[in-house]
Amino acid sequence: MRFNRVRSAWLAVPLIALTAAACSKTNVSRIDPGAVTDLSGRWNDTDSRLVAAALIDQSLNGVWLDRYADANGGATPPVIVGEFRNRSTEHIPVQTFVGDLERAFVNSGAVTLVAGGGERDEVRGEREDQQDNARAGTRAGIGQELGARYMLQGELQSIEDEETSRGVLNSRKEKIVFYQVDARLVDLESNVVVWAGQHKIKKYIERPPLGL
């Protein structure tokens, strides 16, 4: 009898494991990439898009744009997006944010966006390769790049304030996260800051007690 009980217990182990595996199956649902989704309260894709759109809108309403157009026969100013430093307490994919800034600039039609960084190096490499390997009439010309007149750069900062209310059985957490993104547009010829902008986001995050 004791042997049968032990044997039954061992036979039940795989069944329990299979049941646990079935209950822990991962479910995946596709959602609209533009949908607002806040799970952890940290910086996310929605914040990146909203801040980029706000900063570009501010910059395009600055007097620098009209001054450049007046001095250059109505031409759109060539702009390059430089470095945005992450000085926040989070790991923020800055390149995603820079991509949102560039996209907003291009879609505005008010400036001419000049490629920079690794993208520019890749284009230059292709152009150099064409000089040796492409037919003469199809080669991209050397020394024909459009020089940027202005560079957009800035930084991201954050401040956190957290409070834990401890109860008899469990605790409740409240947290405030404040983000500030500063941006400036610099004249590459004179180093003059022709525009400075700022956008802020403040989030209240509440985590209920465990077990509720």
Side-chain angles (χ1 to χ4, degrees), residues 33-34 42-130 140-160 176-203:
R42 293 190 291 270
W43 177 278
N44 58 25
D45 61 310
T46 300
D47 299 316
S48 181
R49 289 196 309 271
L50 292 177
V51 173
L55 288 175
I56 297 304
D57 184 62
Q58 290 177 34
S59 71
L60 296 181
N61 285 307
V63 295
W64 70 276
L65 198 60
D66 291 333
R67 287 175 179 170
Y68 182 88
D70 292 342
N72 294 274
T76 58
V79 176
I80 188 170
V81 178
E83 183 180 5
F84 271 76
R85 295 181 177 85
N86 178 22
R87 302 190 187 281
S88 73
T89 57
E90 298 179 19
H91 171 70
I92 294 177
V94 177
Q95 272 311 118
T96 301
F97 176 63
V98 169
D100 287 332
L101 287 169
E102 292 178 332
R103 188 162 39 255
F105 255 149
V106 171
N107 291 338
S108 74
V111 304
T112 300
L113 185 68
V114 178
E119 185 179 27
R120 178 176 55 195
D121 294 339
E122 184 178 3
V123 172
R124 286 175 176 171
E126 169 61 21
R127 187 162 52 240
E128 290 174 5
D129 183 75
Q130 287 184 13
I142 297 292
Q144 301 300 312
E145 291 185 17
L146 176 65
R149 177 62 184 272
Y150 303 100
M151 175 178 282
L152 181 70
Q153 53 189 193
E155 61 184 26
L156 296 82
Q157 301 181 68
S158 69
I159 301 173
E160 295 185 8
I176 295 290
V177 183
F178 173 79
Y179 298 99
Q180 179 173 307
V181 183
D182 292 285
R184 354 176 233 276
L185 201 62
V186 181
D187 187 318
L188 290 171
E189 189 173 272
S190 64
N191 278 351
V192 171
V193 177
V194 298
W195 169 82
Q198 185 181 86
H199 190 72
K200 302 175 182 179
I201 293 178
K202 193 172 186 178
K203 295 184 179 183

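All figures in this text were calculated on a predicted structure; none of them were measured in a lab. Quick note: numbers below take in every heavy atom, side chains included, and nothing from hydrogens, waters or symmetry partners. Positions are given from 1 along the sequence.
To the nearest 0.5 Å, atoms CZ (Arg184) and CE (Met151) are separated by 11.5 Å. The OG1 atom of Thr89 sits 14.0 Å away from atom CZ of Arg87, with the distance rounded to the nearest 0.5 Å. Here the CD1-CZ distance, from Ile142 to Arg124, works out to 10.5 Å after rounding to the nearest 0.5 Å. Separating the NZ atom in Lys203 from the CG atom in Asp47 is a distance of 3.5 Å, to the nearest 0.5 Å. In this structure, CG on Leu50 lies 11.0 Å from CG on Leu55, to the nearest 0.5 angstrom. If you take CZ on Arg49 and CG on Leu101, they are separated by 13.5 Å, rounding to the nearest 0.5 Å.
The shortest distance between side-chain heavy atoms of Thr96 and Asp45 does not fall below 4.5 Å. Between Val181 and Phe97, some side-chain heavy-atom pair lies under the 4.5 Å cut-off. Counting heavy atoms from C-beta on, the side chains of Leu152 and Phe105 come closer than 4.5 Å. You'll find the side chain of Ile201 stays beyond 4.5 Å of the side chain of Val177, heavy atoms only. At a threshold of 4.5 Å between non-hydrogen side-chain atoms, the residues Asp182 and Gln157 count as touching.
Annotation for Gln58 and Trp195: closest pair O-NE1, 3.6 Å, computed over non-hydrogen atoms. Heavy-atom minimum distance, Leu113 versus Glu102: CD2-CB, 3.7 Å. Among all heavy-atom pairs drawn from Leu60 and Ala110, the shortest one is CD2-CB, 3.9 Å. Between Pro78 and Val114, the closest heavy-atom pair is CB-CG2, 3.9 Å. Contact between Lys202 and Ile176 at its shortest, heavy atoms only, is CE-CG2, 3.7 Å. Scanning all heavy atoms of the two residues, the minimum distance from Phe84 to Val94 falls at O-CG1, 3.0 Å.
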Set out, in order, the CA-CA distance, both residues' side-chain angles and the distance that settles side chain to side chain contact (heavy atoms under 4.5 Å, CB included) for Gln153 and Glu83, then state yes or no.
CA-CA 5 Å; Gln153 53 189 193; Glu83 183 180 5; 5.6 Å; no

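Using a cut-off of 4.0 Å between Lys/Arg side-chain N and Asp/Glu carboxylate O, Arg42 and Glu90 are scored as not salt-bridged. Ion pairing between Arg103 and Asp100 holds under the 4.0 Å rule for side-chain N and carboxylate O. Using a cutoff of 4.0 Å between basic side-chain nitrogens and carboxylate oxygens, Glu145 and Arg127 are scored as salt-bridged.
Without hydrogens or angle criteria, Ser59 side chain to Ile56 main chain gives a donor-acceptor distance under 3.5 Å. Formation of a donor-acceptor pair under 3.5 Å by the Gln180 side chain with backbone atoms of Gln198 is not found in this model. Tyr179 places a side-chain N or O within 3.5 Å of a backbone atom of Trp43 that can act as its donor or acceptor partner.
Between Trp64 and Tyr150, the gap from one ring centroid to the other is short of 6.0 Å.
Applying the 6.0 Å contact sphere to CZ of Arg67 captures no more than 12 heavy atoms from other residues, nucleotides or ligands.
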